[in-house]
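Here's the structure, in structure tokens; my notes come after.
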Amino acid sequence: MSDANTALQRDQIPAVLATETAPDKLIIDDWHTHLLGPNAGPQLSLHGIDQQLTYHYVRRKLFGAGHIDPATFNTWSLEQQGDFTWQKLFADGASDPFDEGCRGVIVAMEALGLDPNAADLHHARQYYTDTPAEEIQRRCMELAGVRRIVGTQDVFNDRERDYYENGAWDDNYLSGYRLDELVLHYPRAAVRLNAWGYAVGSDPSEAATAAEIRRFLTDWHEKLHGVVYGACSFPPQCAVHDLSSQEGAILHHAVLPALRELKLPFFMMPGPIRQLQPTWRDAGDGVGLSDMFPYQQLVRRHPDNAFFITPLHNANQYDASVLSCHNDNVMAIGHWWFNYHPGLVEQDLRMRLEMTGDRFIPFNSDARVLENLIPKWRRFRQILARVLGEKYQDLHDAGRTVTRAGIAQTLRTLFDPHRFTQLK
Ligand code: RAT
Ligand code: ZN
């Protein structure tokens, strides 16, 4: 019998979990980020100390504490914003930076060999001036244990679209085809579609219009690199199942048939309330509890479509797991944004393991800045090792033989990228 198949003692289990979940052993694909590779250029491929310091998790803290009027802050250069944030939240902070946003900056700096206790950003900026973007990307991915990165491709964004049509793609990036503008703002999207040569009317349930929307989706599936799903976030009370609503009609007649045809899952993100604080920009969104009834209806009405679901409100995580228990075309995925807090992630991970076994996709970073990969994946790996270690000890106590090979197999299943295609 090989070592990997030898029965583990109870007290050996935590160390095995720590090794098997480490970034040099468990190398994963990150299924939802907002990242683009260096070929996309500095406006779209974000990295560096100032981008980290102005990441919206950190800006939210800066604005929330009343350190600066957001409208004034927005007029400053990126470096001015970085310096101000460093002084207020790190160098001269009123307390130590416990929040995940600020802690993430510290973890990434330390991992990259920068001083997270520096009085100013001089050395950190020098590191980024001296280091090519490709090397920063390589280090961030290696330190996080990430092999491939799925982005958020919004073809209604002019700058992004120009890159997707004319730029060179970075090989280790895949596409998450984002459909919010089409689904949630159809009247606005229809104007663009007509301008791009798709003859759509105002009613997406009308057959010719629905066919043109499907043609648009299929064309862009061809143009984008390696699309792995279509995705949309929904406000808390969205009637996704109601065919008399614009969102319901466009999903039913155009989006879900097109995705089914393309064999792509639909990634649903219920919960954000956009732009509660407009001057805070992407730090100004809020969250609401979603009514899950429309999602139950939607996934049952479309049994041949595959769905991923990641509610933003923590109290909806339980509903999402129950939904995946009753429907073999649904999986819960990740812990994003306001759910990305260690206490909540740990609680949800436990719940998902206990309720569904392996029927969920554990984590995605939602990174907007390359360096975000490091603290987010490191944090998740610690939680995963702890929670899964306890679960394995529990199984051991119940009489199950636990082996390193069995643990490795479970991890392969949880992080298997082909689950996307196996699911329906
Ligand atoms: O988490 C975030 O960065 C948010 O700003 C949202 O963009 C969210 O991730 C989303 O994909 O809608
Ligand atoms: Zn996101």
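Start at 1 and go down the list; that is how both ligands and their atoms are numbered. The structure displayed is predicted, hence computed values, not measured ones. Values below: all heavy atoms of this structure, side chains included; hydrogens, waters and symmetry mates excluded.
- With Tyr57 as the aromatic partner, Arg60 meets the cation-pi criteria of under 6.0 angstrom to the ring centre and within 45 degrees of the ring axis.
- Around ligand 1 you find His32, His34, His56, Arg178, Met269, Arg274, Trp336, Trp337, Asp366, Arg368, each with a heavy-atom distance below 4.0 Å.
- Side-chain contact between Leu36 and Trp169: present, with at least one pair of heavy atoms (C-beta onward) separated by less than 4.5 Å.
- Take Phe156 and apply the ring pair (Phe, Tyr, Trp, His ring centres under 6.0 Å) test, not counting sequence neighbours, and it matches Trp196, Phe216.
- Within the structure, ring-ring contact (aromatic ring centres under 6.0 Å, His included) pairs that include any residue of residues 69-93 comprise Phe63-Phe73, Phe73-Trp76, Trp76-Phe84, Trp86-Phe90 (at least two apart or interchain).
- Relative ring orientation between His47 and Tyr128 is described as tilted, the plane-to-plane angle lying within the 30° to 60° band.
- Of all protein atoms, those of element N, O or S that lie under 2.8 Å from the Zn ion (ligand 2) number 3.
- In summary, the side chains of Thr410 and Tyr392 do present a donor paired with an acceptor at a separation below 3.5 Å, with no hydrogens or angles considered.
- The aromatic rings of Trp220 and Tyr164 sit perpendicular to each other, their planes meeting at more than 60°, with 30° as the lower class boundary.
- Put simply, the side chain of Glu371 does not reach to within 4.5 Å of the side chain of Gln51, judged on heavy atoms.
- Checked options Ile136, Ile149, Asp30; the residue passing with Met141 is Ile149 (criterion: side chain to side chain contact (heavy atoms under 4.5 Å, CB included)).
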